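These notes concern the structure reproduced below.
Please read all numbers here as calculations on a predicted model, not as lab measurements. Indexing begins at 1, ligand by ligand and atom by atom, following the structure's order.
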Amino acid sequence: MNTKTGIDLQHAVDVLSAGGLVAIPTETVYGLAANALDVRATLRIFEAKKRPSFDPLIVHLHDAAAMAQYASAIPAGAELLALAFWPGPLTLVLPRKDIIPDVITSGLPTVGLRVPRHPLTLSLLRQLPFPLAAPSANPFGYISPTTAQHVADQLGDAVDYILDGGPCSVGVESTIVGFEEECPVVYRLGGLTIEDIRKVVPSVRIRLSASSNPVAPGMLDSHYAPRKPLFLGDLHALSVKYKDRKTGVLTFSGIGELERTPVQTEILSHAGDLFEAAAGLFAALRRLDAGPAEVLLAETVPDQSIGLAINDRLRRAVHR
Ligand code: TXA
Ligand code: MG
């Protein structure tokens, strides 16, 4: 890694204050951050990521109290969720105040707000007089980064500084919750489980956006995708189908007998722990994409807890 990567908070403050881009660690994935109140700085994010302008950015705050500066109304459920889970892998979509520039929200009347749970980034946010707009720090459509090296590999030239906070502990993006007539609705499955959200707002519904009619325009069907074709299903059946190819296999806790030995195998959690699997998911996908396999075969994990978010990401990574 080069001199662009480090833990110099003052340098990060200086770069951001001058309208530059800093990659920041969070508990979910690394973000590509800029001053959220500076239109020119935020436009650089879209440019660096090759991100379409219809995909809105999440605004990162240092604490829940700052929410009222950027949201024009805060439903009771949002207040409860923020209290229970911030700092943490939860994004709240709320009616926005005018101080939030249009580029951030893609012109939507709402803004996504989140307080990330990473000590370095929280101290950075506390030292800044503005919040940080930050999407995941990957080229648009590719697998999200969970280490500083992942960011350097792909956006090294486009960022001014990479704050290295080590590997992300959660490993999948935040759960996004919006409100319709004050009722909480999950738009994106993520690091905060539905089971946990339900304990605080039992009425929560799940309505994942489709690309045909996106409430959250970023919820495009094809996302998080490796460059190699990835197929999802029963590993044995897939290995029969692709027996003439060099395969790389992504499994939850281990593989049984396959038709042909894979050239690369990634086991997400030998212990069968879904949180461990989530934390290692994107790094494993990147290793498979960089490795010797021609075709990637993957299986879903149990459809519960953070497994729902893992399966969502795997389905979006499927070759089409
Ligand atoms: O964990 C995360 O959320 C990471 C870290 C860096 O915080 N960020 C992240 O950002 O995943 P990004 O840009 O990759 O995904 C943000 C998504 C958008 O694609 C969109 O789906 C949703 O958040 N979003 C943002 N603002 C929204 C709004 N006003 N209404 C609906 N959805 C919104
Ligand atoms: Mg993203």
Side-chain angles (χ1 to χ4, degrees), residues 21-34 36 42 45-46 48-61 70-72 85-97 100-118 121-122 124-125 131-146 150-151 154-155 163 165 168-180 185-192 207-211 213-225 278 282 306 309 312-313 316-317:
L21 297 184
V22 174
I24 55 167
T26 82
E27 77 282 27
T28 59
V29 301
Y30 273 71
L32 183 63
T42 51
I45 295 177
F46 288 88
K49 275 187 64 107
K50 311 258 180 294
R51 182 182 176 107
S53 61
F54 58 75
D55 196 4
L57 304 179
I58 293 170
V59 174
H60 296 70
L61 312 172
Y70 308 105
S72 62
F85 301 117
W86 277 353
L90 166 73
T91 293
L92 295 172
V93 171
L94 302 175
R96 69 164 163 141
K97 282 193 172 164
I100 299 287
D102 277 332
V103 280
I104 301 262
T105 67
S106 311
L108 293 171
T110 52
V111 61
L113 300 174
R114 141 167 155 81
V115 180
R117 189 180 66 219
H118 192 290
T121 292
L122 279 176
L124 175 65
L125 284 164
L132 291 176
S136 50
N138 51 301
F140 184 71
Y142 195 67
I143 305 159
S144 298
T146 51
H150 291 163
V151 181
Q154 291 190 303
L155 294 180
L163 204 50
C168 301
S169 58
V170 173
V172 291
E173 296 83 349
S174 60
T175 304
I176 299 181
V177 180
F179 295 84
E180 294 173 15
V185 181
V186 170
Y187 296 141
R188 176 174 78 180
L189 298 166
L192 179 64
R207 193 157 54 71
L208 307 181
S209 320
S211 57
N213 183 22
V215 174
M219 295 307 299
L220 304 174
D221 286 345
S222 175
H223 226 85
Y224 315 101
F282 290 152
I306 203 167
D312 171 84
R313 301 308 185 267
R316 289 175 204 276

So is there a nitrogen or oxygen of [X] less than 3.5 Å from a nitrogen or oxygen in ligand 1?
X: E173; result: no
X: S136; result: yes
X: R51; result: yes
X: T26; result: no

What atoms of ligand 1 come closer than 4.0 angstrom to any heavy atom of [X]?
X: G31; result: 6 (C)
X: H60; result: 5 (C), 6 (C), 7 (O)
X: R188; result: 2 (C), 3 (O), 9 (C), 11 (O), 15 (O), 16 (C), 17 (C)
X: T28; result: 1 (O), 2 (C), 4 (C), 5 (C)
X: D55; result: 18 (C), 19 (O), 20 (C)
X: L108; result: 28 (C), 29 (N), 30 (N)

Hey, mind stepping through Y30 and L163 against side chain to side chain contact (heavy atoms under 4.5 Å, CB included) and telling me if it holds?
CA-CA 9 Å; Y30 273 71; L163 204 50; over 6 Å; no
The criterion is side-chain hydrogen bond (donor to acceptor under 3.5 Å, both in side chains); which residues satisfy it with [X], sequence neighbours excluded?
X: Y142; value: D289
X: S174; value: T91, R188
X: R96; value: D102

Can you name the nearest heavy-atom pair linking [X] to [Y], along with the distance?
X: L208; Y: D312; value: CD1-OD1, 4.3 Å
X: P116; Y: P87; value: O-CB, 3.3 Å
X: P56; Y: S106; value: N-OG, 3.1 Å
X: A36; Y: I104; value: O-CD1, 3.5 Å
X: N138; Y: I143; value: CB-O, 3.4 Å

Do E173 and S144 have a side chain donor and acceptor closer than 3.5 Å?
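Side chains of E173 and S144: pair found under 3.5 Å.
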No-hydrogen, no-angle side-chain donor-acceptor test under 3.5 Å, T28 and R114
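Judged by distance alone, the side chains do pair up.
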With respect to [atom], which of [options] exhibits the smallest heavy-atom separation?
atom: atom 28 (C) of ligand 1; options: N138, I45, I24, T110; answer: T110
atom: atom 33 (C) of ligand 1; options: P145, P56, P116, S144; answer: P56
atom: atom 8 (N) of ligand 1; options: G112, C168, A134, S174; answer: A134

Record the part of K49 in heavy-atom contact with ligand 1 below 4.0 Å; permitted values are side chain, backbone, both and neither.
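The answer is neither.
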Heavy-atom pairs closer than 4.0 Å: do any link ligand 1 to the side chain of R96, the backbone, both, or neither?
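None of R96 does.
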So do [Y] and [X] actually touch side chain to side chain, heavy atoms under 4.5 Å?
X: S169; Y: H118; result: no
X: V177; Y: L192; result: no
X: W86; Y: L92; result: yes

State if I176 counts as touching ligand 1 under the rule of any non-hydrogen atom under 4.0 Å.
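Distance cut 4.0 Å: I176 passes for ligand 1.
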Keeping to distances under 2.8 Å, can you name the protein N/O/S atoms close to the Mg ion (ligand 2)?
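Short answer, with waters excluded from the count: S136 OG.
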